[in-house]
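All remarks here apply to the structure that follows.
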Amino acid sequence: MGTGDLFAEFDQGIMPLAEGGVILRGFALDEVTGLFADILDIASRSPFRHMTTPGGYRMSVAITNCGDYGWITDRRGYRYEAIDPATSKSWPAMPSSFLALAQRAADMAGFPDFWPTCCLVNRYEPGAKLSLHQDKDEADFAAPIVSVSLGLPATFLFGGARRNDKARRFPLNSGDVAVWGGASRLHFHGVDTLAGGTDSLTGPYRFNLTFRKVR
DNA sequence: TAGTAGCA
DNA sequence: GGTT
C-alpha cells in the first residue's frame, strides 16, 4: 500500500470546524464542473468586480452575486442590495443546482430547511486574500452560512467570537463545503493569501460560493 | 477592521 | 522568516 492509499481515506468525510460548524470534504466533488459553468453564466450577466471597503481600499477578491440579494461594499459600508449597482438590474437568479447543493449541505450539518436568499460568488487569484471578518449584515442569524470551494486550494481561517481569538487553519480543496451556524454563526473567519497554481477546471482561480439567508 | 503598514 |  502506497502513501497515496493511506491518505485516500481522508478525501471525504466530516471535519469539525467549531461548535455548530463542519467542513464536508469532497461533498460537491461530482458537481464542480456544472457549478463552474453556472458561475460563468452568472458572471456573463453580473461581471466580477473588485469592490472598495469603507476605508477606501480595493478588495483583492473579485465578487459577484446571484439570488434575491447581493452583498456589496463601497465607501458607505457593507450591505445587501436587490439591484446590482454595476448593471442597475436584478442579480442573476440563483441556479437550482446552487440551491439544492446548499440545502443538502446545510441538512447534513444539522440545519434543515435552509433557504438562502443570496449567493455571494468570490473569485480569488494568486495573492488574493480575505482578512478575518464576521458575516453580520444578515437579518437572520438562525440560518447557517454555507461555503463551497471550487478550483485552486486555499487555507481557511476560522477564529472565535472576538477578533483577537486565535484562528485555526483548515485546508480547503475543490468540492469541499464548509457549514457553520448556531454557536459559531458570528465567528471571525477569512482566507489566507492564495498560492499560485493552475486548476484543471478553473485555471488560475479559486471560486467560493457563500450562501446566506439575508431575509 | 471583508483594508494596509509598521513595530516589537 | 513566521507570528503576534
Side-chain angles (χ1 to χ4, degrees), chain A residues 17-18 20-21 23 39 42-43 46-86 91 94 98 102 116-141 143-172 176-181 184-196 202 205-215:
Chain A
L17 184 61
I23 295 174
I39 289 172
I42 289 164
S46 276
F48 284 102
R49 81 293 303 257
H50 291 274
M51 291 188 177
T52 302
T53 62
Y57 290 99
R58 170 188 186 269
M59 290 183 68
S60 59
V61 175
I63 79 174
T64 186
N65 293 272
C66 65
D68 294 339
Y69 301 98
W71 183 87
I72 68 169
T73 177
D74 58 23
R75 288 169 193 77
R76 302 187 319 167
Y78 312 135
R79 61 193 179 277
Y80 287 96
E81 295 279 7
I83 301 296
D84 178 354
W91 299 99
M94 190 182 300
F98 280 27
T117 53
C118 167
C119 176
L120 169 61
V121 186
N122 288 151
R123 188 189 69 191
Y124 296 75
E125 57 186 48
K129 63 178 163 47
L130 203 55
S131 57
L132 288 179
H133 67 277
Q134 296 171 294
D135 290 11
K136 61 177 183 183
D137 304 314
E138 303 76 29
D140 182 2
F141 295 143
I145 302 293
V146 174
S147 173
V148 181
S149 293
L150 293 169
L152 289 176
T155 300
F156 190 40
L157 309 171
F158 204 87
R162 296 167 301 184
R163 179 176 292 278
N164 288 337
D165 291 341
K166 181 171 174 62
R168 294 199 295 156
R169 303 167 64 85
F170 298 86
L172 243 30
D176 289 352
V177 181
V179 182
W180 66 97
S184 57
R185 172 62 179 76
L186 291 171
H187 281 203
F188 282 85
H189 58 280
V191 177
D192 203 353
T193 307
L194 202 78
T202 66
Y205 296 117
R206 169 179 187 262
F207 293 92
N208 177 258
L209 308 175
T210 306
F211 296 90
R212 296 94 177 257
K213 181 177 180 181
V214 175
R215 291 167 194 154

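Computed from a predicted structure; not experimentally measured. Chain identifiers are assigned alphabetically (A, B, ...) following the order of the sequence lines, protein sequences preceding nucleic acid strands; residue numbering begins at 1 within each chain.
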Between A:I72 and A:R79, does the side-chain contact (heavy atoms from CB on, under 4.5 Å) criterion hold? Intermediate values first, please. CA-CA 6 Å; A:I72 68 169; A:R79 61 193 179 277; 3.7 Å; yes

Could you tell me how far apart A:F188 (CZ) and B:dT1 (C1') are, to the nearest whole angstrom? 8 Å

Give A:T53 one of three labels, base, sugar-phosphate or nothing, depending on what nucleic acid heavy atoms sit under 4.0 Å from its own. sugar-phosphate

Parallel, tilted or perpendicular: rings of A:W180 and A:F158 (30°, 60°): perpendicular

With no hydrogens and no angle check, is any side-chain donor or acceptor of A:T193 less than 3.5 Å from a backbone partner on A:K129? no

Residues 147-156 of chain A side chain polar contacts: donor-acceptor under 3.5 Å, at least two apart:
residue: A:S147; atom: OG; partner: A:N208; partner atom: ND2; Å: 2.8
residue: A:S149; atom: OG; partner: A:R206; partner atom: NH2; Å: 2.8

Tabulate atom names and distances for all N/O pairs under 3.5 angstrom spanning the protein and nucleotides 2-4 of chain C.
residue: C:dT4; atom: OP1; partner: A:K166; partner atom: NZ; Å: 2.5

Residues two or more places apart in sequence or in another chain: which of them pass side chain to side chain contact (heavy atoms under 4.5 Å, CB included) with A:R168? A:F170

Taking the side chain from A:Q134 and the backbone from A:L186, do they hold a donor-acceptor pair closer than 3.5 Å? yes

Would you say A:Y80 and A:R212 are linked by a side-chain donor-acceptor pair, where the criterion is simply a distance under 3.5 Å? yes

Side-chain donor/acceptor of A:T64 to backbone N/O of A:S46, under 3.5 Å: yes

Which heavy atom of A:R163 sits nearest to which heavy atom of A:L132, and what is that distance? NH1-O, 3.2 Å

The correct set of residues in residues 133-141 of chain A placing a heavy atom under 4.0 Å from DNA chain B is A:H133, A:D135, A:D137

Considering only the P atoms, how many Å lie between B:dT1 and B:dA5, rounded to the nearest integer? 13 Å

Suppose we screen for side chain to side chain donor-acceptor pair (under 3.5 Å). Which residues come up paired with A:H133, at least two apart in sequence or across chains? A:D135, A:H189

Would you tabulate the pairs of protein nitrogen or oxygen atoms and nucleotide nitrogen or oxygen atoms of nucleotides 4-8 of chain B closer than 3.5 angstrom?
residue: B:dT4; atom: OP2; partner: A:K129; partner atom: NZ; Å: 2.5

